[in-house]
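To start, the structure itself, in structure tokens.
As the structure lists them, so they are numbered: ligands from 1, and atoms in each ligand from 1. The first residue in the sequence is number 1, and the count goes up from there.
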Amino acid sequence: MTTTSPTLGPVVVTGAAGFIGSHLTDALLALGIEVVAIDRRSVHTDPVAARNLAGALTKPRLRVHQVDLVSDEIDALVAGAATVFHLAAVPGVRDSWSERFPDYAASNVVATQRLLAACERAQVGRLMLASSSSVYGQASGPSRESDPTYPMSPYGATKLAAEHLCMAHAARPDTTTSVVTLRYFTVYGPRQRSDMAISRVLAAVLSGSPVPLYGDGQQSREFTYVDDIVAATLAAATVSEDIDAEIVNVGGGSSVSMLELIALVGQITGRKIPLAVEAPRAGDVEATRADLTVAHSLLGYAPRVELREGVARQLDWMVKQPSGHSVSAAAKVVVSR
Ligand SMILES: NC(=O)c1ccc[n+]([C@@H]2O[C@H](COP(=O)([O-])OP(=O)(O)OC[C@H]3O[C@@H](n4cnc5c(N)ncnc54)[C@H](O)[C@@H]3O)[C@@H](O)[C@H]2O)c1
């Protein structure tokens, strides 16, 4: 039996002004694809959104819409799209314990349901959901897609709810929208959110302040370079038409502890890094590690960028930012690869 691949464009990217969404948007535009970019942050008033989409905004095939997926009309934006990449969400484990939780619930769950319904009305061919390794919870070895899910944070619970909504829609007998859920494992690279570990470590090194370390530093993460995430996400959009619903881990291929990460940053920058030890944070699992068998067999995916190279690229990018990092010592940082 021959399988055909669905057409990629035109596409909608939600969360396009964010870290990963902006890289995906850049990659789609580079392929000559028309992109309808949706985000509730405005490129006119939000400096991070403006910075993230600065390159994309120079391209004629981009249309940017400031839209809140929780409450705004979205049918007209989805109409005509062959593919929807759904990356919009409120991310981050720590804040999800706070009074901001209603925003997580609305933007991660309600918005996903509204978007799926709009996709069905518009007969969109495929939706990619950006999900997270945080749906797994504590794991003793590499997590497989078939493993039980036990999110350890309200954030993880909302991401799992979004996954279930996708599966429910994909199981409808009348749907035309297939779904690929991508479980991203900690993503890093240029434009990484400032609340994330590698950003925080690099920012501390650049400003000469101690690096905050939560707990004993033995907690390990599978870090995935953003270009690898984009490659897997694009591959998921065009893989066989016979798919109704798939779940795929996307990881960087190895897992390192926070102490190992900090030591690596020390080697790359040639600096001794002082630590500020703080209490462990609720919801932080001890280890994340991806089994990439499905990503390899279904998407032909293999991570290409190793942690040392990826961190060096992120540091290069941070040093070049006009503001946002107090670079007292940074001007002298020599990046060693
Ligand atoms: N960064 C990671 O390591 C990581 C890991 C696993 C999964 N993910 C998932 O990948 C996606 C992108 O993450 P990111 O790190 O780029 O985050 P980000 O915060 O940089 O980007 C998310 C974007 O979504 C937008 N958004 C949020 N709520 C919205 C709403 N109601 N309507 C419209 N836009 C809305 C935000 O304004 C933001 O620009 C998220 O779904 C996140 O859960 C990220």
Do the side chain of Glu120 and the main chain of Thr176 share a donor and acceptor less than 3.5 angstrom apart?
no
Check each atom of ligand 1 against the heavy atoms of Leu87 and keep those under 4.0 Å away; list them by number with element.
11 (C), 12 (C), 40 (C), 41 (O)
Within 45° cone and under 6.0 Å: Arg281 NZ/CZ vs Tyr214 ring:
yes
How far is atom 36 (C) of ligand 1 from the closest protein heavy atom, and which atom is that?
Asp39 OD1, 3.4 Å
Which residue in the set Thr288, Asn249, Thr149 passes side-chain hydrogen bond (donor to acceptor under 3.5 Å, both in side chains) when paired with Tyr136?
Asn249
Identify, for atom 3 (O) of ligand 1, the protein heavy atom at the shortest distance, and state residue, atom and that distance.
Val187 N, 2.8 Å
Distance filter under 4.0 Å to Val67 heavy atoms, resulting ligand 1 atoms:
32 (N), 33 (C)
Side chain Asp39, main chain Ala17, donor-acceptor under 3.5 Å:
yes
Evaluate the side chain to side chain contact (heavy atoms under 4.5 Å, CB included) criterion for residues Val48 and Arg41: first the C-alpha distance (whole Å), next the side-chain angles of each, then the deciding distance (0.1 Å), finally the verdict.
CA-CA 9 Å; Val48 173; Arg41 294 195 285 188; 3.8 Å; yes
At the 4.0 Å heavy-atom cut-off, does Tyr155 count as touching ligand 1?
yes
Closest candidate by heavy atom, reference atom 27 (C) of ligand 1, pool Ser107, Ser71, Ala89, Ala106:
Ala89
What atoms of ligand 1 come within less than 4.0 Å of a heavy atom belonging to Thr186?
3 (O)
Between the candidates His23, Lys159, His86, Arg40, which shows the shortest non-hydrogen contact distance to atom 34 (N) of ligand 1?
Arg40
Can you name the atoms of ligand 1, numbered from 1 with element, that are less than 4.0 Å from a heavy atom of Pro91?
17 (O), 19 (O)
Please identify which atoms of ligand 1 are closer than 4.0 Å to at least one heavy atom of Val70.
31 (N)
Please check if the distance between the ring centroids of Phe185 and Phe223 is under 6.0 Å.
no
At a 4.0 Å cut-off, with the gap strictly under it, does some heavy atom of Ala111 reach an atom of ligand 1?
no
Does ligand 1 have an atom under 4.0 Å from some heavy atom of Met196?
yes
